[in-house]
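Worth saying up front: this structure is predicted, and the values here are computed from it rather than measured. All heavy atoms count here, side chains included; hydrogens, waters and symmetry mates do not.
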Amino acid sequence: MSVATIFEIALAAVVLGLGIWTTAVRDTYSATVGFVVYGLLVALIWVRLDAVDVALTEAAISGGLGGVLLLGAAARVRDAGFMAAEAPGKAARVSAAALSMLTAAALTVAVFLLPDSASTLAPAVVAHAWATGLTNPVTNVLMAFRAMDTMLEKVVLLLALVGVWSLARDSAWGGRPGPRHQADPNGVLVFLARLLPPIGMVVGIYIFWTGADHPGGAFQGGAILASMWLLAIMAGLTDTPPVNRRRLRLLLVAGPGLFLVVGLGGLWFGAAFLAYSPALAKPALLLAGTPERSAQQ
Amino acid sequence: MNDFLIAAVGFILAMLALGLVSILRGPDNTDRMMAAQLIGTAGIATLLLLGTVGAVPAAVDVALTLALLATFASIAFVKKGLASLEADGAGSAEDK
Amino acid sequence: MSLARDMITIIAVSAGAFFFLAGTVGLLRFPDTLTRLHALTKADNLGLGLVVVGLLPQAASLREGLKLISIWLLGLLAGATVSQLIARTARQSERAK
Amino acid sequence: MTAVRVFGVCAALAVGLGLFGLITNPQPLRKIIAFNILGSGVFLLFGIVGRHGAASGIGNDPVPQALVITGVVVAFAATALAIALLLQLFQRAGSATLRNGAPRSAGSDPPGG
């Protein structure tokens, strides 16, 4: 057994231990903290699996937006002291454990029995990279070869946002989705919120830009930009835009809309692939960012 | 060289795991929130070494993202579930 | 030349690992939240800095090196901010008790 | 390719763990978290298969990677929506449990209003 294998086993053990702790711990808030840390550690596994694009997505989402969303919800739900939910009976627990173990065992067997020569589309992706001029294969797949998925994903984000907005109280409808945050103007938080966003914007745009040739891309960069926006909101430096502002809505629809226009244009001009447009950054930022913010209403 | 580096990664990972055990066990949530900060230091160090060992240069970008967002979980903890807390008059230190 | 670089890496990364050890010992041994916070944000950030210094000679280009250094600077900023925020909350919840 | 096996077992166990938590944990927020753990296990399995089938000088098959990135973002959107629903349930019913449909104390908003 090599040193690297020992390290891999250790990493897997740490991640799994954290997962078990997250599932087993009594306090919901602790479980949420455990899950956020779990998400960040999973990014390490992705790096080890040589899937840095995914690692970036995982880190950007669970470290920024997702973590804040879950922790905020956990704090609000916990403070009301409703924890009297009754657990299922012993028989149910035992059968659930049996079912889970069976599933895990079946998946383990499947992993060990993976065929040696797996069918893969990787050579095809590499062979057609000339069509886009980009050298990051993952970005090629996302933006060109499977652009349909990405477009529908943006639609899903939009639907989630509409769903979150629709859940707002009637009195709040059409207004700002959450209360304005306030913080001590001379406090540490405001200091950080003034210092970090400029740096974060540079990093976010860099991650987006480098996505053409190296791991990175619009989602990861967009998530970072949205996190920076969220930081400014949490420090009370800026406010969430009102839901009924026409410009915001147009901007949100522009994401999938742009995809549709580019796709239809490709069809019209007889080109085989959707082109990659840098204009996607802003809609991606908004689409990734706004559901989260409004969920905190 | 690579063997030394991966041994160092393993060591730092072990320290990370021990730290996590100590922090997550901790008496209250203030201790538990430090776990996110632990990822912000030991986790990033692991990631950087891992990138060098596995010849994955882009791991540095992941580390950059983690470092940038390292404060977020703690801020969410400090701000807590704002709306309900402020209504109860139990806002945190940073809230006026 | 390569030997000298490797030496720097080995020495600095070992020193960094030592400070991570110190930080973890602090987490395990210190009695209350504030002292543990101190161990975490000070010792571990020094460890991260030393690991970064150790990896600098291995960096492929100037850009990689600058990225490494900025990671450490961001880590320092995060450590300073987080310790302030958490310490304040810890003190407040202690007063409330 | 030991990494594939080690992390493959890890992913399979994460799926089992998430499934167990999803079934046995009565609190909705815990269910959301358990579902996310289950999801991360499934995503990792994608990564395992992609790593196993790596070819053409690429460390990990780009097609499953792109699918997983889409999946992570969609899972995030679904989590945000689920949490918004949970907070609404909590606000209206005064409790965040799924059991015994009758709310303990009706909030100011009547249900369905």
Side-chain angles (χ1 to χ4, degrees), chain A residues 5 8-9 12 15-16 19-20 23 28 31 35 42 45-46 48-51 53-54 57-58 61 66 69 73-74 77 82 85-88 93 96-97 100-101 103-104 107-108 111 114 118 120-123 125-126 137-138 141-142 146 149 153 156-157 160 163-164 167 169 219 291-292 295, chain D residues 2-3 5-10 12-17 19-21 23-24 26-27 29-30 33-34 36-37 40 44-45 47-48 50-53 55-56 58-63 65-66 68-70 72-74 76-81 83-88 90 95-97 99 109:
Chain A
T5 307
E8 279 156 3
I9 292 173
V15 169
L16 270 181
I20 292 170
T23 313
T28 300
F35 178 70
V42 166
I45 295 189
W46 282 112
R48 191 67 196 157
L49 286 176
D50 229 335
D53 287 276
V54 185
T57 317
E58 193 74 54
I61 285 186
L69 176 69
V77 170
F82 69 94
E86 59 272 47
R93 291 180 76 87
S100 310
M101 277 194 255
T103 313
L107 287 173
T108 309
V111 166
L114 278 178
T120 170
L121 289 170
V125 170
V126 174
V138 180
V141 172
L142 273 174
R146 294 297 302 170
D149 295 352
E153 171 193 1
V156 166
L157 278 176
V164 170
L167 287 168
R169 281 190 308 276
F219 297 123
E292 198 286 326
Chain D
T2 50
R5 298 204 161 168
V6 171
F7 293 130
V9 173
C10 178
L13 288 176
V15 171
L17 207 59
L19 192 62
F20 178 73
I23 297 172
T24 56
Q27 290 146 19
L29 188 61
R30 299 293 292 272
I33 290 175
N36 271 307
I37 291 182
S40 82
L44 275 176
L45 282 174
I48 303 292
R51 173 77 171 158
H52 186 79
S56 302
I58 304 180
N60 202 323
D61 195 341
V63 180
Q65 271 196 72
V68 168
I69 290 176
T70 310
V72 167
V73 177
V74 168
F76 166 68
T79 307
L81 188 59
I83 283 180
L85 279 167
L86 168 66
L87 290 180
Q88 272 302 305
F90 176 58
S95 86
T97 58
R99 302 225 157 186
D109 285 14

Inset, instruction - Sort L85(D) into side chain, backbone, both or neither according to what part of it lies under 4.5 angstrom from a heavy atom of chain A. - result: both
Inset, instruction - Let me know if I61(A) has heavy atoms under 4.5 Å from chain D in its side chain, its backbone, both or neither. - result: side chain
Inset, instruction - With sequence neighbours left out, write down each residue that passes side-chain hydrogen bond (donor to acceptor under 3.5 Å, both in side chains) with S40(D), or none if nothing qualifies. - result: Y38(A)
Legend entry - Pick from G47(D), G21(D), C10(D) with the largest number of heavy-atom pairs that fall under 4.5 Å of chain A: C10(D)
Inset, instruction - Enter the distance from R51(D):CZ to R48(A):CZ here, rounded to the nearest 0.5 Å. - result: 7.5 Å
Inset, instruction - For A104(A) and G16(D), work out which heavy atoms get closest and say how close. - result: CB-CA, 4.3 Å
Legend entry - chain A contact via V73(D) - side chain, backbone, both or neither, heavy atoms under 4.5 Å: both
Inset, instruction - Would you mind telling me which of T108(A), L107(A), V156(A) has the largest number of heavy-atom pairs within less than 4.5 Å of chain D? - result: L107(A)
Legend entry - Closest-packed option against chain A by number of heavy-atom pairs under 4.5 Å, given L17(D), N36(D), V68(D): L17(D)
Legend entry - Rounded distance (nearest 0.5 Å) linking atom CD of Q65(D) with atom OG1 of T57(A): 9.0 Å
Inset, instruction - Applying side-chain contact (heavy atoms from CB on, under 4.5 Å) between F7(D) and each of I45(A), V111(A), V15(A), report the one that passes. - result: I45(A)
Legend entry - From CG (D50(A)) to CG (D61(D)), nearest 0.5 Å: 12.0 Å
Legend entry - pair F76(D)-L69(A): side-chain heavy atoms closer than 4.5 Å: yes
Inset, instruction - Give, for atom CD1 of I37(D) and atom CD1 of I20(A), the distance between the pair rounded to the nearest 0.5 Å. - result: 10.0 Å
Legend entry - Between I23(D), V72(D), V9(D), I33(D), the one whose heavy-atom pairs under 4.5 Å with chain A are most numerous: I33(D)
Inset, instruction - Could you look at A34(D) and say if it's the side chain, the backbone, both or neither that has a heavy atom under 4.5 Å from chain A? - result: neither
Legend entry - L49(A) side chain near L44(D) side chain, heavy-atom distance below 4.5 Å: yes
Inset, instruction - Heavy-atom distances under 4.5 Å only: say whether T23(A) touches chain D with side chain, backbone, both or neither. - result: both
Inset, instruction - Identify which part of F20(D) has an atom lying under 4.5 Å from any heavy atom of chain A, answering side chain, backbone, both or neither. - result: both
